[in-house]
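The residues of the chain are indexed from 1 along the displayed sequence. What you are looking at is a predicted structure, and each value in this text was computed from that prediction instead of being measured.
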Amino acid sequence: MKIKGYVRKNGKVGVRNHLLVIPSSVCASVVAERIASHVEGAVSIPNQHGCCQVGADLELIKNTLIGLGKNPNVGAVLVIGLGCEGVPTENVAHEISKTGKPVEYIIIQHCGGTLKAEEKGTRIARRMIQEICRYEREEVDISELILSIECGGSDTTSGLASNPVAGYVSDKIVEFGGTSMFSETTELIGAEHILAKRAITKDVGDKLIYIVKRCEEKAKTMGVDMRGGQPTPGNIEGGISTIEEKSLGCIYKGGTKPLQGVLEYGEEPEGKGLYFMDTPGQDIESITGMTAGGSQVVIFTTGRGTPTGSPIAPVIKITGNPETFRNMEDNIDFNCGTIVEGIESIRDAGERLFNLLIEVCNGKMTKAETLKHKEFGMYKLISTF
């Protein structure tokens, strides 16, 4: 099966063609945002980190920024640094440039301050967007696609309808030779042993069990139990009673295919098939991690409703709750509440969603894109120093 995408020099395929302006630290975020606002087709990410971090935490932020720049939906990158932050601006630009896409960087302290950096950056960004806007979509195999699946604001219909429908699409992508990933380690608690049985090796299964234990132990270091925050108040109001019940519904997002591997936050899968990424349950941070891992398109299931989008990837929001679809029709792209109403089967709704996914990959804008929802957040391991 074929889709139409932008073929990059490293062979990766994008379904969008953004110019991404990356601030390497929070201190450069305002200048990056102002540069992007001057140039149609440019988008910035409001990085709130990048300084006063050490060790693995600093590496996580740096690698996530690099991963976002490498995402195939990005046609060119401009990195903005203040000049004294922990994340090395030049190194971020250099690593992204290995993809073969146009990459440049500027340092605010070397430009003479905000106004001169903004002027220089805007001129570079304008030149870059004029270059990448000449790129045209080409017909490529759907096996080039990396789908990511997120859930948020879950209710009882999530496990009954929207998550199984997303899992159906995940299975189809894998059957066509593509890649699918889902995440949210907190939402494996109580169901991790079931998913681990689908791992292709014992090591993969053991790593899945390990990341759940690591997550629970981290919470204990703060003197709290994960069950104090999960299920969330919104989940409980939506009819979910325990974290285990929520987890059993959540893992339906991953369909039925064998689990090929467990990824660290922002890590790119090395092969095809189904993967799980270790992320928090926080929707925005989770989507950012999977996008840094190369995902070009997101299916977001929600029972309660959410407006969430992404600066880089189109986010297709679906609900299995017909009342939520009526209340949030401005934001939700796809209604599979037809399943709980007895009108449609999971398979039929899954086929409809798969067809919508293809349309979005070929250029149809999601509701989040038309409304300019570009929520962004990165996961941190510990506090700043």
Side-chain angles (χ1 to χ4, degrees), residues 12-16 18 20 22 43 45 47 60-74 144-154 162-163 166-167 169-171 173-174 178-188 195 207-208 211 215 250-255 257 259-302 306 308-318 357 360-361 366 368-369 373-381:
K12 304 286 186 181
V13 175
V15 299
R16 295 294 185 266
H18 299 296
L20 183 61
I22 299 178
V43 62
I45 50 176
N47 175 14
L60 179 71
I61 296 301
K62 183 186 76 172
N63 291 335
T64 302
L65 293 175
I66 292 170
L68 292 167
K70 286 184 173 180
N71 187 291
N73 287 354
V74 174
E144 298 297 331
L145 200 62
I146 301 179
L147 167 68
S148 59
I149 303 174
E150 175 67 22
C151 66
S154 299
S162 57
N163 287 344
V169 174
S170 174
D171 282 353
I173 293 295
V174 172
T179 306
S180 176
M181 66 170 82
F182 65 122
S183 62
E184 301 178 283
T185 304
T186 54
E187 299 181 7
L188 283 185
L195 185 60
K207 184 172 182 182
L208 191 75
I211 64 169
C215 178
C250 284
I251 64 172
Y252 273 113
K253 300 196 302 288
K257 299 301 180 187
L259 185 68
Q260 300 292 324
V262 178
L263 306 168
E264 296 294 338
Y265 186 85
E267 182 183 1
E268 185 176 356
E270 292 185 355
K272 304 287 188 179
L274 178 69
Y275 288 80
F276 184 86
M277 180 177 285
D278 181 22
T279 76
Q282 211 271 9
D283 305 333
I284 312 303
E285 293 178 1
S286 183
I287 290 174
T288 298
M290 292 189 286
T291 307
S295 169
Q296 305 107 316
V297 61
V298 182
I299 292 176
F300 190 131
T301 74
T302 179
T306 175
T308 298
S310 160
I312 297 174
V315 178
I316 304 168
K317 288 192 294 295
I318 80 170
L357 175 76
V360 169
C361 289
T366 64
E369 287 179 298
H373 272 283
K374 300 173 181 175
E375 285 77 1
F376 178 84
M378 284 190 290
Y379 178 50
K380 279 177 86 274
L381 297 176

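Annotation: Tyr265, atom OH; neighbour count of heavy atoms from other residues, nucleotides and ligands within 6.0 Å is above 12.
A donor-acceptor pair under 3.5 Å is formed between the side chain of Thr302 and the backbone N or O of Gly152. Side-chain atoms of Gln296 come within 3.5 Å of backbone atoms of Glu144 as a donor-acceptor pair (strictly under, hydrogens ignored). Looking only at distances, a side-chain donor or acceptor of Lys317 sits under 3.5 Å from a matching main-chain atom of Thr308. In this structure a side-chain-to-backbone donor-acceptor pair under 3.5 Å is present from Thr64 to Leu60.
No side-chain heavy atom of Met181 sits under 4.5 Å from any side-chain heavy atom of Gln260. Contact of the Glu268 side chain with the Lys12 side chain is registered, since non-hydrogen atoms from C-beta on lie closer than 4.5 Å. Using a 4.5 Å heavy-atom cutoff, the side chains of Phe276 and Thr185 are in contact. Contact annotation: the side chain of Pro314 approaches that of Asn73 to within less than 4.5 Å [non-hydrogen atoms, C-beta and beyond]. Within the 4.5 Å cutoff, the side chain of Lys380 has heavy atoms near those of the Ile61 side chain. Thr279 has its side chain out of reach of Tyr379: every pair of non-hydrogen atoms, C-beta onward, lies at least 4.5 Å apart. Side-chain atoms of Leu195 and Phe182, non-hydrogen and from C-beta on, do get closer than 4.5 Å to each other. Within the 4.5 Å cutoff, the side chain of Val43 has heavy atoms near those of the Leu20 side chain.
Rounded to the nearest 0.5 Å, atoms CD1 (Ile45) and OG1 (Thr288) are 8.0 Å apart. Taking CD1 of Ile284 as the reference point, atom CD of Glu375 lies at 5.0 Å (rounded to 0.5 Å). For the atom pair OG1 (Thr179) and CD (Glu270), the distance works out to 12.0 Å, reported to the nearest 0.5 Å. Between Met290 atom CE and Ile146 atom CD1 the span is 11.5 Å, to the nearest 0.5 Å. We find the SG-CD1 distance between Cys151 and Ile251 to be 11.5 Å, quoted to the nearest 0.5 Å.
Partner of Val297 under the side chain to side chain contact (heavy atoms under 4.5 Å, CB included) criterion, chosen from Val315, Leu145, Thr366: Leu145. For the pairing with Ser148, the side-chain hydrogen bond (donor to acceptor under 3.5 Å, both in side chains) check across Ser286, Ser310, Ser295 returns one residue only, Ser295.
Side-chain contact, Asn71 with Thr291: no donor N or O sits under 3.5 Å from an acceptor N or O.
Ion pair Lys253/Glu184 flagged as a salt bridge, since at least one NZ, NE, NH1 or NH2 atom sits closer than 4.0 Å to an Asp/Glu carboxylate oxygen.
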